[in-house]
Amino acid sequence: SENSFDTTKQFDRSPYGNDGTLTSGTICNSTTGKYGNGCYFDGINDYVDVGNDASLNITEAITIEVWTKLKTVSLYNAILGKNTGVASESYEVFSDTNANALMFISASAFTTTNPFYTAGDWIYTVWTYSDADNKIIVYKNGVLFQEWTTTATLGSTAGKLIIGKR
């Protein structure tokens, strides 16, 4: 259920029903989130496998919103991604310690100016991509942080949507 301790599923309350399978020890609703309960990822191999429903093959416009609190900012902190390892067929949001930045990957990489993350701080991030106006925009804690004009496109992929995982 929504507020009970769960070690197997995280439920999607949208009309799409893209429930996630908790993997490698991920535990949800057992740790305090920014508002209410959240999922805890150990930074090694925990993740939520949301699958590859057609509703997740987004090619035109997308908004990704996340609350994150990184214990440490490491070389690669996966936040959310749907990919097969081929950049033109994916989208992924992650942090990178080399630039202390939040990155969005599609057919091209877009890296925020640094610093973006501070270990131990809650950060609310919103990424928007629009193929109609060729824009990628990122907001940090509700304030416009950076935007790009791009010719990159999002491709449909057979990859699963994964939350977390390193």
How close do Ile123 and Asn141 get, heavy atom to heavy atom, and via which atoms? CA-OD1, 3.6 Å
If you round to the nearest 0.5 Å, how far is CG of Asp49 from OG1 of Thr23? 5.5 Å
Within this structure, what is the CD1-CZ distance for the pair Ile163 and Phe41, rounded to the nearest 0.5 Å? 6.5 Å
Applying side-chain hydrogen bond (donor to acceptor under 3.5 Å, both in side chains), can you list everything that pairs with Asp53, at least two apart in sequence or on another chain? Ser55
So, using salt bridge (charged side-chain N to carboxylate O under 4.0 Å, His left out) as the criterion, who are the partners of Lys140 when residues are at least two apart? none
Is the closest side-chain heavy-atom distance between Leu22 and Val48 below 4.5 Å? yes
How would you list, by chain and number, every residue that makes a side-chain contact (heavy atoms from CB on, under 4.5 Å) with Asp133, sequence neighbours excluded? Ser130, Lys135
Measuring from atom CH2 of Trp127 to atom CG of Leu80, what distance do you get when rounded to the nearest 0.5 angstrom? 12.5 Å
Minimum heavy-atom distance between Gly33 and Trp122, given as atom pair plus value: C-CZ2, 3.5 Å
Check Lys9 with Asp19, please: is the shortest side-chain N to carboxylate O separation under 4.0 Å? no
Which value, rounded to the nearest 0.5 Å, describes the distance between Leu161 atom CG and Asn18 atom CG? 8.0 Å
Interatomic distance, CD1@Ile137 vs CH2@Trp148, rounded to 0.5 Å, equals 10.0 Å
For side chain to side chain contact (heavy atoms under 4.5 Å, CB included), just list the numbers for Phe145 and Thr125, CA-CA rounded to whole Å, side-chain angles, deciding distance to a tenth of an Å, and then say yes or no. CA-CA 10 Å; Phe145 190 78; Thr125 306; over 6 Å; no
What side-chain donor-acceptor pairs closer than 3.5 Å can you find for residues 57-70, not counting sequence neighbours?
from	atom 1	to	atom 2	distance (Å)
Asn57	OD1	Lys82	NZ	2.9
Glu65	OE1	Tyr124	OH	2.2
Thr68	OG1	Tyr117	OH	3.4

